[in-house]
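To keep things clear, I will list the structure first and then write my remarks on it.
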Number of protein chains: 2
Amino acid sequence: MTRYAAAVTPPSYHHGDLRRTILAAAVGAIAETGPAGWSLRELARRAGVSHAAPAHHFGDKTGLLTAVAAEGYTLFAEALEGAGTDLHDVGLAYVRFAVDHRGYFEVMFRPDLHRADDPELTAARDRADGVLMRGVRDVRDFAPGGPGDERTAAIAAWSIVHGFADLWLSGALPADLGGDPVAAARPVIGLLFTR
Amino acid sequence: MTRYAAAVTPPSYHHGDLRRTILAAAVGAIAETGPAGWSLRELARRAGVSHAAPAHHFGDKTGLLTAVAAEGYTLFAEALEGAGTDLHDVGLAYVRFAVDHRGYFEVMFRPDLHRADDPELTAARDRADGVLMRGVRDVRDFAPGGPGDERTAAIAAWSIVHGFADLWLSGALPADLGGDPVAAARPVIGLLFTR
DNA sequence: GGGCAATCTTGCCAATGACAAGATTGTGCT
DNA sequence: AGCACAATCTTGTCATTGGCAAGATTGCCC
């Protein structure tokens with residue numbers, strides 16, 4: 001006969017969409033205060049359920065973060081695929097995703113936070129990796145010396161966009177770059193391509 | 001009349017070098033299990049002191065991480081300065097530092113873990129930033145269009161080495177790159193310079 | 001409509017970070 | 001030498017947390 005605190009929907013024993021609610025709350029919390037700035041119990045309170053409810057869907061905290069990373073890689077692959085075939089555009093989409101979906105991005109590249117061998121996660125990650133590598137292969141300018149240079153070029157492109165995104169998110173870049181990270185990244189990434 | 005567990009030195013009420021001991025233990029723990037894979041009490045136990053002893057030197061956990069970041073930026077500036085004036089070498093020193101001093105590096109670029117406005121920290125960070133920017137200015141190839149392009153080039157160089165280091169540390173890069181990250185980074189970074 | 005699995009709850013425990021108050025020791029001043 | 005005082009470290013305590021166990025409630029399928 002206990003009542004629930006949040007109650008957008010009428011109170012019932014079964015939440016209905018707890019897994020998604022907790023997942024979304026986690027992503028939001030990570031984006032705001034980092035991967036360590038919240039607690040499982042806090043998310044449960046915010047969702048209007050008991051402190052042990054999330055455990056049924058995710059096991060433990062690492063399980064929740066694994067689910068965040070897996071969904072993150074799926075959205076990531078979709079975002080990169082949607083950017084077209086031009087590597088420059090894919091790179092900008094990379095930066096855009098990191099900034100717009102910070103809550104996912106901050107977990108995806110941190111194997112100490114999630115279970116990196118999770119099947120669902122590895123599948124989504126392999127898909128995203130495939131988009132990245134395919135994008136590079138489509139640019140011939142990058143392979144002057146054979147297949148070995150092709151991978152070097154892929155890693156260079158990956159590094160520069162990943163580095164820019166990470167530096168932007170950490171606030172390390174100069175403030176006068178403006179408020180639009182994608183616009184700021186454009187000439188930076190361009191430096192890798194123009195010769 | 002209590003005795004101490006660790007006791008490399010004969011037990012005494014005053015540890016003698018607790019601040020340094022805890023700091024070093026924290027850096028080691030972060031390198032091994034990440035910024036969240038340990039506890040203040042665990043470090044205190046390992047140092048052979050009571051659970052509240054570290055608080056006197058660092059205040060709270062954030063204070064300890066702030067000290068780690070500050071010392072990290074100091075070592076970082078020294079490492080970059082020691083690499084000479086060639087931007088390529090500075091970039092490799094950047095990667096080398098990230099890998100060799102992972103415990104520092106993982107905290108330095110994570111403002112949600114430390115107090116980014118700490119005076120000692122900002123001073124050390126400004127010094128490291130100065131080395132980076134100075135290194136870029138010394139390379140004229142990067143400024144074909146005026147002072148604006150110079151900063152773009154600096155950010156590009158910074159992004160590619162930072163991105164490579166972060167991807168390497170996260171284990172995201174292909175395994176067949178070999179075990180030496182600096183050697184693997186050399187041709188990647190080189191792609192930014194050769195035209 | 002009855003069994004059954006999924007979902008969620010309450011209750012509990014050890015560990016943690018933070019704080020308060022007290023004990024011990026080194027240091028400087030007279 | 002002796003004494004006040006500050007620095008350092010300890011014990012004790014508390015709220016919060018993650019995780020586990022056991023039980024309650026509900027939806028679903030035969």
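Below, all heavy atoms of this structure are taken into account, side chains as well, without hydrogens, waters or symmetry copies. Lettering follows sequence order; numbering is per chain, from 1. Predicted, not measured: the structure shown is a model, and the values here were computed from it.
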Can you figure out which of D:dT17, D:dC9, C:dT10 approaches the side chain of B:A53 most closely?
D:dC9
Starting from C1' on D:dT16, measure out to NZ on B:K61 and report it in whole angstrom.
14 Å
Rounding to a whole Å, what distance do you find between A:R19:CZ and C:dC8:P?
12 Å
Value in whole Å for how far the C1' atom of C:dC13 lies from CG of A:D60
17 Å
Starting at CG of A:L40 and ending at C1' of D:dT16, how long is that distance when rounded to a whole Å?
13 Å
Closer than 4.0 Å, any side-chain N/O of B:H56 to the OP1 or OP2 of D:dT8?
yes
Among C:dT9, C:dC12, D:dT13, which nucleotide sits nearest the side chain of B:H51?
D:dT13
According to a strict under-4.0 Å criterion, is A:R45 in side-chain N/O contact with OP1 or OP2 of D:dT17?
yes
Determine, stepwise, if the pair B:V99 / B:W168 fulfils side chain to side chain contact (heavy atoms under 4.5 Å, CB included).
CA-CA 8 Å; B:V99 175; B:W168 177 278; 3.9 Å; yes
Of the listed nucleotides D:dG12, D:dG19, C:dC8, the one nearest the side chain of A:L18:
C:dC8
Rounded to the Å, how far apart are A:R46 CZ and D:dT17 P?
12 Å
Distance in angstrom units between A:I22 CD1 and D:dG18 P, rounded:
12 Å
Return no unless some side-chain N or O of A:R41 is found under 4.0 Å from OP1 or OP2 of C:dT9.
no
Side chain of B:A52 (C-beta onward), nearest among D:dT11, C:dA18, D:dG19
D:dT11
Rounded to whole Å, how long is the line connecting atom CH2 of B:W38 with atom C1' of C:dT16?
12 Å
As a quick check of understanding, evaluate ring-ring contact (aromatic ring centres under 6.0 Å, His included) for B:F97 and B:H101, giving each step before the final call.
CA-CA 5 Å; B:F97 179 89; B:H101 301 88; 4.7 Å; yes
Hey, what's the ring geometry for B:F109 with B:H162, parallel, tilted or perpendicular (30° and 60° as the breaks)?
perpendicular
Quick one: do A:Y94 and A:F76 satisfy ring-ring contact (aromatic ring centres under 6.0 Å, His included)? Show the steps, please.
CA-CA 8 Å; A:Y94 194 109; A:F76 191 46; 5.0 Å; yes
Spacing of A:L43 atom CG relative to D:dT17 atom P, expressed in whole Å
10 Å
Strictly below 4.0 Å: does A:S39 bring a side-chain N or O up to OP1 or OP2 of D:dT17?
yes
Which atom pair, heavy atoms only, marks the closest approach of A:A154 to A:M133?
CB-SD, 3.7 Å
Counting side-chain heavy atoms from CB outward, which of C:dG17, D:dT17, D:dC9 is closest to B:H57?
D:dC9
